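Report on the structure given below.
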Amino acid sequence: MDWDYARLSKAAKQAGGPEKLIDMLVESGKATGHKEMIPLVFIAALIGALGYAGIQQLIKFFGKKDIPLDEVEVAKEKLVRGIKEYDASHPEESAEDVKESKKPTNKKSSLILKDLQAERKVAQKDRHSGGRVRK
C-alpha cells in the first residue's frame, strides 16, 4: 500500500501538485466521455430524422383528400332517391310517429324531459284556471 501512495505522490509532483493532477484526471475523463457519446448522438439524430419523415408521410397520407364534385352530386342523388323510395314504400309512418319513437337514452335527459312535461301540465292548468295559481 505504501508503494501505491508513493506512485501517486510522484504523479502529483510531475503534474504540478495534487490539485493539477485531479484536474487533469477530470479533464481526461470528460474527453473520453465525449468520444464515447459521439456514436450515440448520431444514432439519436438518425432516429429523430426518420421519425420526423415518418410522421410527415402519415400526415400526408391521412391529410384532407379532395373529392370530385361529380362524385358528390352522384352520391347526393343516390341518397335523395333512396329516401324517396323508402318514403314511398312506408306511407303509414308519419313525421309525428318518428318524433314520438325517439326516447331519451340516459337518465339525465329522461329527468329533463319529465321536468319539461310537468312544467307544461302546470302551465296548461294555469291557463284553464284563468291564470290563478292554486296552493
Side-chain angles (χ1 to χ4, degrees):
M1 188 104 164
D2 291 328
W3 288 104
D4 291 337
Y5 183 76
R7 275 188 264 162
L8 184 60
S9 179
K10 185 177 179 182
K13 185 177 181 181
Q14 288 175 348
E19 293 87 10
K20 289 188 179 183
L21 175 65
I22 292 174
D23 289 341
M24 186 177 67
L25 291 172
V26 168
E27 291 300 320
S28 74
K30 284 183 182 178
T32 304
H34 287 293
K35 290 176 187 173
E36 290 175 2
M37 289 298 294
I38 289 174
L40 296 175
V41 170
F42 284 119
I43 291 171
L46 180 65
I47 290 171
L50 291 174
Y52 177 77
I55 289 172
Q56 291 300 318
Q57 291 298 320
L58 287 173
I59 290 171
K60 189 175 170 182
F61 180 76
F62 289 112
K64 184 178 178 183
K65 296 181 180 176
D66 294 333
I67 300 172
L69 290 177
D70 57 340
E71 288 182 24
V72 172
E73 291 299 322
V74 169
K76 282 173 36 177
E77 289 174 9
K78 285 182 181 179
L79 285 171
V80 169
R81 193 174 334 117
I83 291 171
K84 286 181 181 179
E85 289 173 2
Y86 179 83
D87 287 344
S89 65
H90 297 85
E92 65 278 353
E93 291 182 15
S94 67
E96 283 298 318
D97 294 337
V98 173
K99 285 181 185 176
E100 289 177 10
S101 68
K102 290 184 180 178
K103 294 185 178 177
T105 57
N106 60 29
K107 290 181 180 181
K108 186 175 182 181
S109 59
S110 296
L111 293 174
I112 292 171
L113 182 60
K114 287 179 183 179
D115 288 343
L116 290 173
Q117 290 172 345
E119 287 177 16
R120 185 180 299 155
K121 286 180 183 179
V122 169
Q124 287 175 351
K125 286 181 183 178
D126 287 346
R127 271 190 253 131
H128 291 298
S129 66
R132 288 173 277 159
V133 178
R134 297 181 189 168
K135 290 188 180 181

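Counting from 1, the numbers follow the sequence of the chain as shown. No experiment lies behind these values; they were computed from the predicted model shown. Heavy-atom basis, side chains included; hydrogens, waters and symmetry copies ignored.
- Summarising the geometry of Ala15 relative to Met24, their closest heavy-atom pair is CB-CE, 4.4 Å, with the distance given to 0.1 Å.
- Distance check: Lys30 NZ to Glu27 CD gives 4.5 Å after rounding to the nearest 0.5 Å.
- Taking NZ from Lys10 and OH from Tyr5, the interatomic distance works out to 15.5 Å, rounded to the nearest 0.5 Å.
- How far CD of Gln14 is from CG of Leu21: 10.0 Å, rounded to the nearest 0.5 Å.
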* Kindly indicate, with the supporting measurements, whether the criterion side-chain contact (heavy atoms from CB on, under 4.5 Å) is fulfilled by Lys35 and Thr32. => CA-CA 5 Å; Lys35 290 176 187 173; Thr32 304; 5.8 Å; no

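- How far CD1 of Ile43 is from CE of Met37: 10.0 Å, rounded to the nearest 0.5 Å.
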* To do: List the steps and the verdict of salt bridge (charged side-chain N to carboxylate O under 4.0 Å, His left out) for Arg7 and Asp4.
  => CA-CA 5 Å; Arg7 275 188 264 162; Asp4 291 337; 3.1 Å; yes

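- Salt bridge status for Asp87 with Lys84: absent, with no side-chain N to carboxylate O gap under 4.0 Å.
- The number of heavy-atom neighbours closer than 6.0 Å to CG of Leu69, taken from other residues, nucleotides and ligands shown, is 12 or below.
- Residues Glu19 and Ile22 have side chains not in contact (no heavy-atom distance under 4.5 Å, counting atoms from C-beta outward).
- The cluster map of Ile, Leu, Val, Met, Phe, Trp and Tyr, joined by side-chain heavy atoms under 4.5 Å apart, puts Leu25 and Leu8 in the same cluster.
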